[in-house]
Structures are given as structure tokens and as C-alpha cells.
Amino acid sequence: MSQGPRGREAVPGGRMLRAGCRAALPRRPPGWAPLSGCGGAEMGGLKRTPLDDLHRARGGKMVPFAGWSMPLHYGEGHLQSHLHTRRYCSLFDVSHMLQTRVYGRDRVRFMESLVVGDIAELKLGQGTLTLLTNEKGGIVDDLIVTNAVGDHLYVVSNAGCADKDLAVMRGRVAELQAAGAEVHLEVSDNALLALQGPSMARVLQAGLSDDLAKLSFMNSITTTVFGVLGCQVTRCGYTGEDGVEISVPAGQAVELAEQLLGVPEVWLAGLAARDSLRLEAGLCLYGNDIDETITPAEAGLLWTLGKRRRAAMDFPGAAIIMAQVKEKPKRKRVGLTSVGPPIRPRMAILGPEGTPVGTVTSGCPSPSLGKNIAMGYVETAHSRAGTTLAVEVRKKQHPALVTKMPFVPTQYYMAK
């Protein structure tokens, strides 16, 4: 057992970090209105996750997010919560995410008609990050699709995109069924818990009969977790740390959360820490860094395109996306670092002549690094790492350096 969290240690630049914490907060994403037709109790027009009472009892500051009432942070505050996740582990409630299951012999054909990834090549239990695209090559959503045990695909979508994703998927199911295909979609009402951080494996292993050392990043198993049957454990997350997401029957979500929180080094963490952690890891936030006006080539996400899919060009927007692969897009997503005032979304990025060359899409003071980090889109000519640009903050120019991402090295686990 750990001798106790070190999350309250002094941090260089701590005052600046606290002052800039609001920069880490996610913008309200598209489609934030309450999701209809799946999961969650309603309260004041907002949906509530199965852990809502637990969040309130433990001091969570609740805010509206993507149509849900979600915890922003807890008593320790955003800064300490972020650092604790990097040093130990934290429990995040991500039950607002849309979970669906796709059944039928044509389920892979269905999924590949919507996304850019090679779903057919996934081994049993293996998952992949992929992109749902439109006919113009824009990113409708980023999804995790898993070839789950039990003859189905397990799909996790962003909460802010849930309504439009469901409309797209249900529409395509109807089209394929009318053409004689065998495919159907089910929306899950499971809760989804994310346990993230370097001590995750030790904490979780105590409640598993399965050997976590055999579970690699982006793979999943169905198992019993601390006595709760039928949990799907996927080794993934949104922090850059080793972690898992646990899809758990809604009625037993509180029981499982309390078991995990019974370990002193496991803290609850909210949206603010989740956002600054993902930015340090160089991960996109839908609605900020990617959306339907941005292509995979512009976003630096061409690695999500399966080799077979590139050759077949059989996904939505393939002609536009593959043309950008050959000719290079006019703009690219880059990382930025700076000192001075925090970099905020929508700030102008300026070139050497002081003229606008791009826009910031996400930014906050990095609790781990003690300096400002951001990502945004710039003209391709200015996208090389090491390029000195400027960001306009309150009508003043401040130097910013194009920096490779992730800003903080990721710790994803690959089994030997």
C-alpha cells in the first residue's frame, strides 16, 4: 500500500496554473441538449449518471456538459487532481458517453460503411480508435470500436455527438436491412467508469481473477470486477496514462465505484482534470480540435485509416481525404508551448510577420510541465516542430513554439 498521495506537493508555477485552470474546461460541445432515448435519469433538463448522488455526496461541483450533469472537480481542486492522476490513479465517471452494440453477420460491413478503420482485421477482444466521416471528408465523431466477445461490435461515442451518431447509425442500419443485410443496433444503459494512472493495474488486479499483465492497450475482456459480474474491461483511456474503462451494469456502478474508492490512493476526478490530462497527452477533444469541417489529414489522424481501406477508398469522403494524403492539406493540427498568459481556444496564431496563420483550438497551463500548452491549426508552411510563432493574448503578441505532441510522454501498456 502506498504511504499516501503526494498530490499536495508544491508545484513550480502553481499560482499561474490555478489562475489558468478555467482554460482547461471543455467548451460546450455540439448537440449538448439532453440525449433522448438512452440511459440516465433526468434532473432539471439534464441527464444524470448512475453515480450522480455519489458525486454530490463527495463534494463534486456539478456542471452541465453535453446535456448531462457532470462533476467539474472535487474538494482537492483541479490542479491536485490532475497531478494525483499522473502519480497514482483517479476514477472518472464517463457514463455520459454513448455505448452501443452492433449484432448480425453484416456488422463489420455496416461499421466499415461509416468509419475509416479496418474493422475486419480486429482480433477477438481488440479495439481501435476510428473516425466517423461525412461525404466531404469531415470528422463526424471519433469512436472506439471493439470486436467484443459475444459476436458483436462494441462502440463508444462522444456524449456531445450521441444524438447525431445514433441518427447516422440507425439510418444506415435501416438501409442495409432493406437491402437484405443482417445487422441490428442496441443502445447500452451500462455505466462507464475510467480508472487511470500508474497504480491502476495494482489497484484493479486486487479485484480480478484475470491477469491484467496479459491485457494490452486497446484490448478488452468480460470479467468480474470486485464481485460485480458482467463487466467489460478495456485497457484504454483519455489521460495518456495506463488505464482501463469499465462498462458496468448501471445498478451496480455505485457498488463498484465505492470498492475502488476504498483504496486511499484512488481519488475521484472530474471534467477539468480530464481535459488538461488529455491535452498533455496530445489527444483531441471533439467540438474543439476536430469537427465536421476538419479532415483526418488536417487533424494529423491519418494513422486511423486502415491500409486496406485506403486502397479500397470505400469510406465516406474517401476521395477528398486521399487527395489530401497525396497533395498535403493546407492546414495542420500542431502543438504549441509558451510562457506568460495562458493560451485559450479561439486565440489567433500569428506568423513571423505578425499576420494570422491559424487559430488555437485547446489550451491550458500544464500542471505537469509548469508552462502553457495548446493545440491549434496553422497553415502547413508553419507547422514544422521548432517553428517560432506568436499567440495574440489580449491584443498583445506572446512567443509560442510549435512542439511535438504528446507534451507529456504517454504510458500505454503493451503486454509482452
Side-chain angles (χ1 to χ4, degrees), residues 94 97-104 106-134 137 139-158 161 165 168-169 172 183 185 188 192 194 196 214-222 232-247 278 281-286 289-290 294-297 299-318 321-322 325 333 405-406 410-415:
V94 290
M97 305 284 276
L98 174 65
Q99 301 174 72
T100 53
R101 299 187 182 98
V102 187
Y103 294 89
D106 296 306
R107 60 189 180 277
V108 170
R109 174 187 164 197
F110 157 77
M111 206 71 234
E112 288 192 349
S113 73
L114 300 175
V115 303
V116 303
D118 192 338
I119 307 305
E121 75 170 0
L122 295 175
K123 298 175 182 177
L124 197 63
Q126 185 181 17
T128 185
L129 177 71
T130 191
L131 305 174
L132 180 66
T133 50
N134 60 29
I139 301 171
V140 177
D141 198 6
D142 55 317
L143 317 170
I144 292 180
V145 179
T146 300
N147 182 16
V149 176
D151 296 328
H152 68 277
L153 299 176
Y154 169 63
V155 184
V156 179
S157 311
N158 284 300
C161 299
D165 285 6
V168 169
M169 289 192 287
R172 188 58 53 87
V183 59
L185 188 72
S188 172
L192 192 62
Q196 302 282 303
K214 296 179 179 178
L215 188 67
S216 284
F217 178 62
M218 294 305 293
N219 282 264
S220 74
I221 54 174
T222 299
Q232 181 165 327
V233 177
T234 305
R235 201 152 198 167
C236 67
Y238 197 45
T239 64
E241 296 293 336
D242 184 19
V244 293
E245 291 184 354
I246 308 171
S247 182
R278 69 91 192 167
L283 302 175
C284 294
L285 173 65
Y286 194 89
D289 311 303
I290 51 176
I294 294 169
T295 69
L301 297 173
L302 288 176
W303 60 269
T304 64
L305 275 65
K307 183 178 180 180
R308 174 178 61 83
R309 306 301 307 283
R310 291 181 186 225
M313 292 183 63
D314 58 352
F315 51 86
I321 294 168
M322 295 310 297
V325 171
R333 179 173 64 96
M405 296 182 284
T410 54
Q411 304 295 328
Y412 305 132
Y413 175 80
M414 304 305 296

message: Test of understanding: with side chain to side chain contact (heavy atoms under 4.5 Å, CB included), list the residues that count as partners of E245, not counting sequence neighbours.
response: L192, A194, C236
Set of residues satisfying side chain to side chain contact (heavy atoms under 4.5 Å, CB included) with respect to D289, sequence neighbours excluded: R278, C284, L285, T361, S362, M375
task: Answer whether the closest heavy-atom distance between the side chains of L301 and I290 falls below 4.5 Å.
output: yes
query: Quick one: are T146 and L122 in side-chain contact, heavy atoms under 4.5 Å?
result: no
query: Rounded to the nearest 0.5 Å, how far apart are CD1 of I321 and CG of L302?
result: 8.0 Å
task: Please report the shortest heavy-atom distance between L185 and V102, naming the atom on each side.
output: CD1-CG2, 3.6 Å
- prompt: Is the closest side-chain heavy-atom distance between I246 and Q232 below 4.5 Å?
  reply: no
- prompt: Between the main-chain N or O of H152 and the side-chain N or O of R101, is there a donor-acceptor pair closer than 3.5 Å?
  reply: no
- prompt: Taking C-beta and beyond as the side chain, do V155 and M111 meet within less than 4.5 Å on heavy atoms?
  reply: yes
query: Any side-chain heavy atom of P296 within less than 4.5 Å of one from I139?
result: yes
query: What pair of heavy atoms forms the shortest contact from V115 to F315, and how long is it?
result: O-CB, 3.5 Å
message: Please evaluate residues Y412 and R235 with respect to the criterion side-chain contact (heavy atoms from CB on, under 4.5 Å), reporting the C-alpha separation (whole Å), side-chain torsions for both, the decisive distance (0.1 Å), and the verdict.
response: CA-CA 9 Å; Y412 305 132; R235 201 152 198 167; over 6 Å; no
query: Side chain of Y413, backbone of G243: donor and acceptor closer than 3.5 Å?
result: no
message: For D151, give me all partners under side chain to side chain contact (heavy atoms under 4.5 Å, CB included), at least two apart in sequence or on another chain.
response: R107
query: Less than 4.5 Å apart, any side-chain heavy atom of S157 and any of L143?
result: yes
- request: Rounded to the nearest 0.5 Å, what's the gap from CG on L114 to CG on D165? Could you check?
  value: 9.5 Å
Give the table of side-chain donor-acceptor pairs shorter than 3.5 Å for residues 214-222, with sequence neighbours excluded, one pair per line with atom names and distance.
residue : atom : partner : partner atom : Å
S216    : OG   : A415    : N            : 2.8
N219    : ND2  : F217    : O            : 3.2

- prompt: Passes side-chain contact (heavy atoms from CB on, under 4.5 Å), M97 versus N158? Steps please.
  reply: CA-CA 5 Å; M97 305 284 276; N158 284 300; 4.0 Å; yes
field: Selection residues 299-314 - residue pairs positive for side-chain hydrogen bond (donor to acceptor under 3.5 Å, both in side chains), sequence neighbours left out
entry: E112-R308, D118-R308, R309-D314
query: Looking at residues at least two apart in the chain, or sitting in another chain, which of them share a salt bridge (charged side-chain N to carboxylate O under 4.0 Å, His left out) with R333?
result: none
